[in-house]
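Structure, as structure tokens:
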Amino acid sequence: MSLPRITNVIRLAPRLVAMQPHRNNSSAQAATEVAAQFKTLAISSPKPFVFHVELNRPKKLNAINRDMWLEIRACFETLAVNPDCRAIVLSAAGKHFCAGIDLSSMMALGQQLADYDDVARKGVVLERTIKIYQDSITAVELCPKPVIMAVHQACIGAGVDLITAADIRYSTQDAFFQVKEVDIGMAADVGSLQRLPKAIGSQSLARELCFTGRRFESAEAERCGLVSRVYPDKESLLAGAIALAEEIASKSPIAVQTTKESMVYSLEHTNQEGLDHIRIINKLNLQSEDFAQSVAAQLTKDEKPVFAKL
């Protein structure tokens, strides 16, 4: 930053502090309003600007049925534009995180396909269904708010699809993972084959796991980078994930959401394309009040700034 800019920020610091909005008290009410929309998800707000989304089919081990596929997408698209949400923790109720795709839904799809004799028409139905499921998981990746997965016990099949679309993954010591689609005679088609190799940084290991469907435990998941922290039990896992979300939510939402956007964009683009992308965004964002407030707070050793909703 140039000297004139630093001087100007220091001069503006008292006014910027005075302009800071009151701390958010509406997250819990907003979470209640969001939660009312869903049957298979439970939504709460344990901390200001932090939303907790739970997979909520515990009697079915959180196997993902058609309703849950649709609701995951709707939930994350809703939270993407909710100004009371700045960070999201996703966990699951009951004994296991996710037992994979609900096979009863697959049976229902089979009955639907039986209505058609023509293979092309069957293919159209299947293609549309797969696209619905893919878009559900992609909604997690494209949500501008950071998403932290808190995984306990089994995370199988579609569960792996789901967690690899997140920004950060924590687990319990008793967590285990399987890309199990090969064991039901299919190739995973909702994101594991695309996202898992990038998440762990090893094509060799990713292909071994996807070709064999073997179970791997939390210790191996941590070593290979699928999860970045392991906790002794579910209670401490949720506490750690929520504490992280609270810290993220205290930062400038402009800075955090732009950071996520740039990192997701750069996954599929060259370094130079990523640099061009963030340069175009920051020519506006470096003029924001968030930037000035943050710099002023650093320079004056003042209290942490409180940022306006975005």
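A quick note: this is a predicted structure, and the numbers were derived from the prediction, not measured.
- Atom NZ of K122 sits in a crowded spot, with more than 12 heavy atoms from other residues, nucleotides or ligands closer than 6.0 Å.
- Rounding to the nearest 0.5 angstrom, the gap separating the CZ atom in F38 from the CG atom in D67 is 11.5 Å.
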Side chain to side chain donor-acceptor pair (under 3.5 Å) between D233 and S236: does it pass, once the steps are laid out?
-> CA-CA 6 Å; D233 52 44; S236 60; 2.8 Å; yes
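- For Y170 and Y231, the gap between ring centers is short of 6.0 Å.
- The two residues A241 and I148 have their closest heavy-atom pair at O-CD1, 3.8 Å.
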Which atom pairs, one a donor and one an acceptor, fall under 3.5 Å between side chains of residues 197-205 and the rest of the protein, sequence neighbours left out?
| residue | atom | partner | partner atom | Å |
| --- | --- | --- | --- | --- |
| K198 | NZ | E268 | OE2 | 2.3 |
| S202 | OG | L205 | N | 3.0 |
| Q203 | OE1 | R207 | NE | 2.8 |
| Q203 | OE1 | R207 | NH2 | 3.0 |

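- In this structure, CD in Q173 is found 11.5 Å from CD in E217, a value given to the nearest 0.5 Å.
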Solution key, residues 85-98 side-chain donor-acceptor pairs under 3.5 Å, sequence neighbours excluded:
| residue | atom | partner | partner atom | Å |
| --- | --- | --- | --- | --- |
| R86 | NH1 | A249 | O | 3.3 |
| R86 | NH2 | F307 | O | 2.8 |
| R86 | NH2 | A308 | O | 3.1 |
| S91 | OG | H52 | NE2 | 2.6 |
| H96 | ND1 | A154 | N | 3.1 |

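- Nearest heavy atoms, N62 versus M68: O-SD, 4.3 Å.
- V179 places a side-chain heavy atom less than 4.5 Å from the side chain of L196.
- The backbone N or O of D290 sits nowhere less than 3.5 Å from a side-chain atom of Q293 that would complete a donor-acceptor pair.
- Side-chain atoms of S44 do not come within 3.5 Å of backbone N or O of P46 as any donor-acceptor pair.
- Atom CD of E222 sits about 9.5 Å away from atom SG of C224, to the nearest 0.5 Å.
- No more than 12 heavy atoms of other residues, nucleotides or ligands sit less than 6.0 Å from atom CZ of R229.
- When the shell of 6.0 Å around CE of M186 is examined, it contains more than 12 heavy atoms from other residues, nucleotides or ligands.
- Side-chain contact between I43 and Q37: absent, with no pair of heavy atoms (C-beta onward) separated by less than 4.5 Å.
- To the nearest 0.5 Å, atoms OH (Y133) and OG1 (T138) are separated by 15.0 Å.
- The backbone N or O of A139 lies less than 3.5 Å from no partner atom in the side chain of E77, so there is not a single donor-acceptor pair.
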Mind running salt bridge (charged side-chain N to carboxylate O under 4.0 Å, His left out) on D167 and K260 for me, showing each step along the way?
-> CA-CA 8 Å; D167 298 285; K260 175 168 180 175; 2.8 Å; yes
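- Within a 6.0 Å radius of CD in E208, more than 12 heavy atoms belonging to other residues, nucleotides or ligands are found.
- One finds no salt bridge joining E127 and K131 here, because no Lys/Arg side-chain nitrogen approaches an Asp/Glu carboxylate oxygen to under 4.0 Å.
- The SG atom of C75 sits 13.0 Å away from the CG atom of L70 when rounded to the nearest 0.5 Å.
- Salt bridge E220/R215: absent, no basic N to carboxylate O contact under 4.0 Å.
- Atom CD1 of I101 is separated from atom CG of N65 by 9.5 Å, given to the nearest 0.5 angstrom.
- There is a side-chain donor-acceptor pair under 3.5 Å between D161 and S192.
- Between N285 and N282 there is a side-chain heavy-atom pair separated by less than 4.5 Å.
- At least one donor-acceptor pair closer than 3.5 Å links the side chain of Q287 to the backbone N or O of K283.
- Under the 4.5 Å side-chain heavy-atom criterion for ILVMFWY residues, no single connected hydrophobic cluster contains both L237 and F177.
- Across L193 and A187, no two heavy atoms sit closer than the pair CD1-CB, 4.4 Å.
- Counting non-hydrogen atoms of other residues, nucleotides and ligands closer than 6.0 Å to NZ of K234 gives a total above 12.
- Side chain of R169 to main chain of M149: no donor-acceptor pair is present (N/O by atom type, distance under 3.5 Å, no hydrogens or angles).
- Within 6.0 Å of CG on D118 lie more than 12 heavy atoms contributed by other residues, nucleotides or ligands.
- Residues D102 and I64 form no side-chain contact, since every pair of their non-hydrogen atoms from C-beta on lies 4.5 Å or further apart.
- At a threshold of 4.5 Å between non-hydrogen side-chain atoms, the residues S218 and V227 do not count as touching.
- For R121 and Y116, the positive end is not near the middle of the six-membered ring at less than 6.0 Å and at most 45° from its axis.
- Hydrophobic clustering of Ile, Leu, Val, Met, Phe, Trp and Tyr side chains at less than 4.5 Å, counting indirect connections, unites V140 with L41.
- Smallest separation of non-hydrogen atoms from K309 and D84: NZ-OD1, 2.7 Å.
- With K47 contributing its side chain and A245 its backbone, the two residues share no donor-acceptor pair below 3.5 Å.
- Of all non-hydrogen atoms in S294 and P305, the two that sit nearest each other are CA-CG, 4.2 Å.
- No donor-acceptor pair under 3.5 Å is formed between the side chain of S262 and the backbone N or O of T258.
- Atom CD of E235 has 12 or fewer neighbouring heavy atoms from other residues, nucleotides or ligands inside a 6.0 Å radius.
- A donor-acceptor contact shorter than 3.5 Å is absent between the side chain of S266 and the backbone of H269.
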With side chain to side chain contact (heavy atoms under 4.5 Å, CB included) as the test, would you mind laying out the steps for F216 and Q178 before giving the verdict?
-> CA-CA 7 Å; F216 59 108; Q178 283 181 282; 5.8 Å; no
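- L275 and I278 get closest at one heavy-atom pair: O-CG2, 3.3 Å.
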Verdict with reasoning, E71 to R73, per salt bridge (charged side-chain N to carboxylate O under 4.0 Å, His left out) = CA-CA 5 Å; E71 290 189 0; R73 178 179 179 178; over 6 Å; no
